[in-house]
Amino acid sequence: MTGHGTDAHPHGADRLCDAGDLVYSRAVRRGRVPRTDAEPVPCLLELALLHPDPDDMDWLVPTSPQEVMTRLLRGVYDEVSESHRRVGSAVEAFERYAGLGRRIQASAMASVSLEGGAAIRVLDGLARIQAAMDDATEACTGEVLTVQPGGIRREPELTEGLHRALALRSRGVRMRDLYTHVARHGQGLLNYLELMGDAVEARTLDEVVDRLILFDRTVAFIPANADHTMALELRHPALIEYFVTVFDRLWRLAIPVAVPLPDTGIEGISHREQSIAALLAEGHQDAVIAERLGISVRTCRAHIARLSETLGAASRTQLGVRIAQVGLDGAASRVPDVPAQLTPADQESPTAL
């Protein structure tokens with residue numbers, strides 16, 4: 001997030017100065033503060049965290065924390081979407097250049113060298129992917145970061161990669177996993193987290209980027225095609241740094257699994273329905289919304305029906321108007337628009353691509 005240009009307060013709403021944090025917190029608690037309180041912290045007005053009270057211009061009222069979060073997430077959305085697009089372009093360029101002057105067989109493994117090793121490898125076939133993952137697991141000594149898109153994690157899918165997770169735990173490796181909010185409703189994930197104990201910390205978001213696994217911040221694995229029969233093994237420092245940055249930003253926005261999802265503040269509308277409303281406002285079809293949130297189309301339509309009933313809308317057009325009227329058309333609690341490219345068979349365990 002960008003700052004606002006003053007030398008004394010060069011920051012954004014996501015990292016307020018101590019003085020600004022004190023005044024804004026006071027305004028949220030009390031509902032308003034005298035204008036004189038904000039004179040030492042012009043950042044609050046410039047960032048639109050405070051604005052004049054229309055009933056008394058000598059007082060300032062706070063912008064709601066929910067609206068502030070919406071703004072911040074829109075900025076993250078733009079930044080990460082652009083970064084993801086640039087990485088995708090780089091991978092496409094690499095594949096194009098690697099194919100010049102030679103024919104690539106279906107089982108060929110492409111690589112680009114970095115100080116004598118493979119900075120990028122294309123792993124063709126599930127056997128090669130699993131072998132590379134096993135090697136990375138064996139070499140890992142400190143930390144594993146994973147992003148797991150899709151919905152509920154079924155028990156067999158979690159069990160498939162359990163041997164890797166247990167091996168990592170036995171060596172004291174710490175694991176951080178990002179899931180969608182929908183995954184909270186699966187008993188398989190809860191059993192997995194209970195089994196792993198303190199070795200794993202899990203958080204959730206409405207949406208996450210496509211699957212990503214990072215070992216010791218030195219090697220990353222991402223899907224290379226839609227059906228996940230190919231993967232990229234990445235060791236280039238610039239790419240690894242990018243993926244770590246994306247993960248850390250999403251992690252800060254995510255909610256720990258042990259913490260309940262925040263209330264929407266609108267009676268009769270759940271957190272998931274709030275997310276669906278925002279996507280409907282963007283013009284997405286039911287199938288796209290379902291894929292992005294990791295739910296079935298049928299479940300998505302049931303939530304849309306409840307939204308229509310709660311908001312008193314008799315048609316999709318009227319529902320869109322009602323969503324805007326009650327302020328559900330924002331981007332709160334959502335992250336970049338990156339296709340999950342998942343099929344039910346692709347929803348693997350935390351350490352399987």
Side-chain angles (χ1 to χ4, degrees), residues 48 51 54 61-82 84-85 149-154 179-186 204-210 226 250 253-255 260-344 346-347:
H51 52 88
V61 295
T63 301
S64 70
Q66 292 82 2
E67 184 176 343
V68 174
M69 177 62 73
T70 296
R71 294 178 192 166
L72 294 176
L73 288 175
R74 283 191 181 124
V76 172
Y77 174 93
D78 293 338
E79 292 174 10
V80 179
S81 292
E82 175 59 20
H84 192 276
R85 184 196 64 77
I152 291 176
R153 320 300 296 176
R154 293 189 291 270
Y179 302 92
T180 61
H181 289 326
V182 177
R184 291 168 171 258
H185 303 292
T204 64
L205 285 164
D206 279 324
E207 301 175 64
V208 295
V209 295
D210 206 348
L250 296 181
L253 297 171
I255 301 172
L261 297 180
D263 187 80
T264 64
I266 303 176
E267 186 176 357
I269 295 179
S270 67
H271 189 90
R272 186 185 301 178
E273 287 161 358
Q274 182 182 41
S275 302
I276 290 173
L279 290 169
L280 283 171
E282 293 179 7
H284 295 293
Q285 298 298 314
D286 298 357
V288 175
I289 296 173
E291 180 183 40
R292 287 175 58 168
L293 298 184
I295 59 179
S296 69
V297 175
R298 181 177 179 179
T299 298
C300 178
R301 288 173 177 163
H303 282 294
I304 293 173
R306 282 196 289 272
L307 269 172
S308 297
E309 182 179 356
T310 302
L311 298 179
S315 67
R316 282 295 180 97
T317 301
Q318 192 176 28
L319 177 59
V321 174
R322 293 284 191 268
I323 286 172
Q325 287 175 338
V326 298
L328 288 173
D329 55 343
S333 301
R334 297 193 297 101
V335 295
D337 182 5
V338 181
Q341 296 181 333
L342 285 177
T343 62
D346 290 325
Q347 297 177 357

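Nothing here was measured: the structure is a model prediction, and the numbers come from that model.
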Is the backbone of Ala313 close enough, under 3.5 Å, to the side chain of Arg322 for a donor and an acceptor to pair up by distance?
-> no
With side chains defined as the heavy atoms from C-beta onward, is the minimum distance between Glu207 and Leu279 less than 4.5 Å?
-> yes
Between Ala48 and Thr63, the two heavy atoms sitting closest are O-OG1, 2.6 Å
Distance-minimising heavy-atom pair for Ala314 and Gln318 | N-OE1, 2.6 Å
Identify, with sequence neighbours excluded, every residue that meets side chain to side chain donor-acceptor pair (under 3.5 Å) alongside Thr204.
-> His181, Arg184
Without swapping roles, check the side chain of Thr310 against the backbone of Ile269 for a donor-acceptor pair under 3.5 Å.
-> no
For Ile276 and Cys300, the nearest pair of non-hydrogen atoms, with its separation, is CD1-O, 4.3 Å
Who pairs with Arg298 by side chain to side chain donor-acceptor pair (under 3.5 Å), at least two apart in sequence or on another chain?
-> none
One should read off an interatomic distance between Ile289 CD1 and His284 NE2, to the nearest 0.5 angstrom, of 7.0 Å
Passing candidate, side-chain contact (heavy atoms from CB on, under 4.5 Å) with Ser275, options Leu205, Asp206, Leu280 = Asp206
Apply the test side chain to side chain contact (heavy atoms under 4.5 Å, CB included) to residues Ile304 and Leu319: give CA-CA distance (whole Å), side-chain angles for both, the deciding distance (0.1 Å), then the verdict.
-> CA-CA 9 Å; Ile304 293 173; Leu319 177 59; 3.9 Å; yes
Would you name the heavy atoms of Ala281 and Ile323 that are closest together and state the gap between them?
-> CB-CG2, 4.3 Å
How long is the gap from CZ on Arg301 to OG1 on Thr299, to the nearest 0.5 Å?
-> 11.0 Å
